[in-house]
There are 2 protein chains.
Amino acid sequence: MNKTRKEIPVNTLERMVKYRRILDNYAADGKTIIYSHEMAKLAGNTPSQMRRDLMSCGCAGSTRAGYNVQEMQTNIKSVLGYSETKQTILVGVGNLGKAILSYFSFRVPRVQVVAAFDVMPHRIDRVISGTRCHDIKEMETIIKEQSVTLGIITVPREEAQALADRLVAAGIVGILNFAPVTLDLPDHVYVENMDITMKIEKIAFYSGEK
Amino acid sequence: MNKTRKEIPVNTLERMVKYRRILDNYAADGKTIIYSHEMAKLAGNTPSQMRRDLMSCGCAGSTRAGYNVQEMQTNIKSVLGYSETKQTILVGVGNLGKAILSYFSFRVPRVQVVAAFDVMPHRIDRVISGTRCHDIKEMETIIKEQSVTLGIITVPREEAQALADRLVAAGIVGILNFAPVTLDLPDHVYVENMDITMKIEKIAFYSGEK
DNA sequence: CGTGTTCTGTGAAAAGTTTCACAAAATGGC
DNA sequence: GCCATTTTGTGAAACTTTTCACAGAACACG
């Protein structure tokens, strides 16, 4: 799509989101410059990795004077594509779904959750953290009407694949999947899995070994 | 700790958890052997990566006859350390905390959530998915009494660092952090962050580009 | 205006991970 | 029992990511 984008290493991109957050807080304190070692401390990595990452997004610091916070913010936001907003829906308004709705309502700039869906009658037509929950029957209609491109799946495992198929058929091209299954979808759909189980097992594995 | 463990690449380890899940389902269908390409299909990766990963955990297949499912299950469980159970607590019983409690109550074999904690009086002494929520004042006591080593943080961002410090002071050595901050903790503590924001921004970035 | 110090930017090495490609083994059909 | 086929196991190549190490720029201070 954009030349610059393609060149950014995946891992760097993941960290970039974190950097944006750090810089927002840092700037809120009225600070205007920051050194790579300060940022590394805040981000939990090394100064030299910070500098590489900043290079990737076209941030130039100046020797001895560090990096200009505002310029970095602008660059990072431009790299992450903050100029365009992506319409998003969430399906499955259980505890997890609700938690995520409250998360997104005020924290993710470029992603707008336009609607939520569920099958349970008692959830339908309620508004959670500013997002209305609709009957899942209306899903395809709303996706089309509002040009929704991203979907968040927070339904039980058994229902995830069928739901994902429906989302893709309706035109969704990016999915955040919280169900513990591997979704089998066409190549043009970008899927990320949030595997809570995996993370906790990883901690169980590595903790107490250092 | 264990010689075999150290040699397993991090990424392979992450996938191992997924493999366990896949094999559990696969075995439940009464199947006893599986080929690397079948498993790759189920796991969403390539046959050759599968074979490498299986090598790392000491699984040997036999030419033309594939891998023995039960043997793989045993090996993976032994690599992941399923013989010992780790005591875990969760702090912050909001929507996210509740969602995670229901997740863990029946899905993660080696990790046992022994207690939850919150500050809100209306949450205290309630039982969520089999786990009792206690007053956070009792936290240190329960950690010590029950030899808890892992902690899951699902409190608001502002409270996360102070909470993490308390957990570490009480003896916790592994933390799963859902708050969108970088925790600053001693080296001996293993921390994993679940950064929901990051994942959705990543999807927004990559989707629609393939 | 010169010297010492503290930064950045970056080539190059190192470390980590995935993919390729093919030999060797096992199976089934004939 | 032999040939064609399928599948594993694995060296080696390719690729990705991190770390090292240091030249050069900028500033502070005398």
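Each chain gets a letter, A, B and so on, in the order the sequences are listed, and its residues count up from 1.
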Open item on the list: Is there a side-chain hydrogen bond (donor to acceptor under 3.5 Å, both in side chains) between B:Gln161 and B:Asp165? Walk through the geometry before answering.
Closed with: CA-CA 6 Å; B:Gln161 179 66 54; B:Asp165 290 337; 3.0 Å; yes
Open item on the list: On the nucleotide C:dT17, are OP1 or OP2 found under 4.0 Å from the side-chain N or O atoms that B:Arg15 carries?
Closed with: no
- [ ] Using only side-chain N and O atoms of A:Asn11, determine if any of them is under 4.0 Å from OP1 or OP2 of D:dT16.
- [x] no
Open item on the list: Walk along nucleotides 6-12 of chain C from 5' to 3' and tag each nucleotide B, S or - by protein heavy-atom contact under 4.0 Å, base first, then sugar-phosphate.
Closed with: BBBBBBB
- [ ] In sequence, state the C-alpha distance, the side-chain angles, and the governing distance for B:Asp195 and A:Arg21, and then conclude on salt bridge (Lys or Arg N to Asp or Glu O under 4.0 Å).
- [x] CA-CA 12 Å; B:Asp195 197 329; A:Arg21 219 156 43 204; 2.6 Å; yes
Find the distance [X]:[atom1] to [N]:[atom2] and express it as a whole number of Å.
{"X": "A:Met50", "N": "D:dT17", "atom1": "CE", "atom2": "P", "result": "17 Å"}
{"X": "B:Glu14", "N": "C:dG16", "atom1": "CD", "atom2": "C1'", "result": "13 Å"}
{"X": "A:Asn45", "N": "D:dT18", "atom1": "CG", "atom2": "P", "result": "9 Å"}
{"X": "B:Asp53", "N": "C:dG16", "atom1": "CG", "atom2": "P", "result": "16 Å"}
{"X": "B:Glu71", "N": "D:dT8", "atom1": "CD", "atom2": "P", "result": "13 Å"}
{"X": "A:Gln49", "N": "C:dA15", "atom1": "CD", "atom2": "P", "result": "16 Å"}
{"X": "B:Met39", "N": "D:dG9", "atom1": "CE", "atom2": "P", "result": "13 Å"}

Open item on the list: Does this structure show an ion pair linking B:Arg110 with A:Glu201, if we count only N-O contacts that are shorter than 4.0 Å?
Closed with: no
Task: Exam field: side chain A:Glu14 to backbone B:Met198, donor-acceptor pair closer than 3.5 Å - done: no
Task: B:Arg20/B:Asp24 under salt bridge (Lys or Arg N to Asp or Glu O under 4.0 Å): CA gap, chis, key distance, verdict - done: CA-CA 6 Å; B:Arg20 174 185 57 71; B:Asp24 283 350; 3.6 Å; yes
- [ ] Verify the neighbour count for atom CD of B:Gln70: are there more than 12 heavy atoms of other residues, nucleotides or ligands below 6.0 Å?
- [x] no
- [ ] Remember a base hit wins even if backbone is also touched, and classify B:Thr12 as base, sugar-phosphate or nothing at under 4.0 Å, heavy atoms.
- [x] nothing
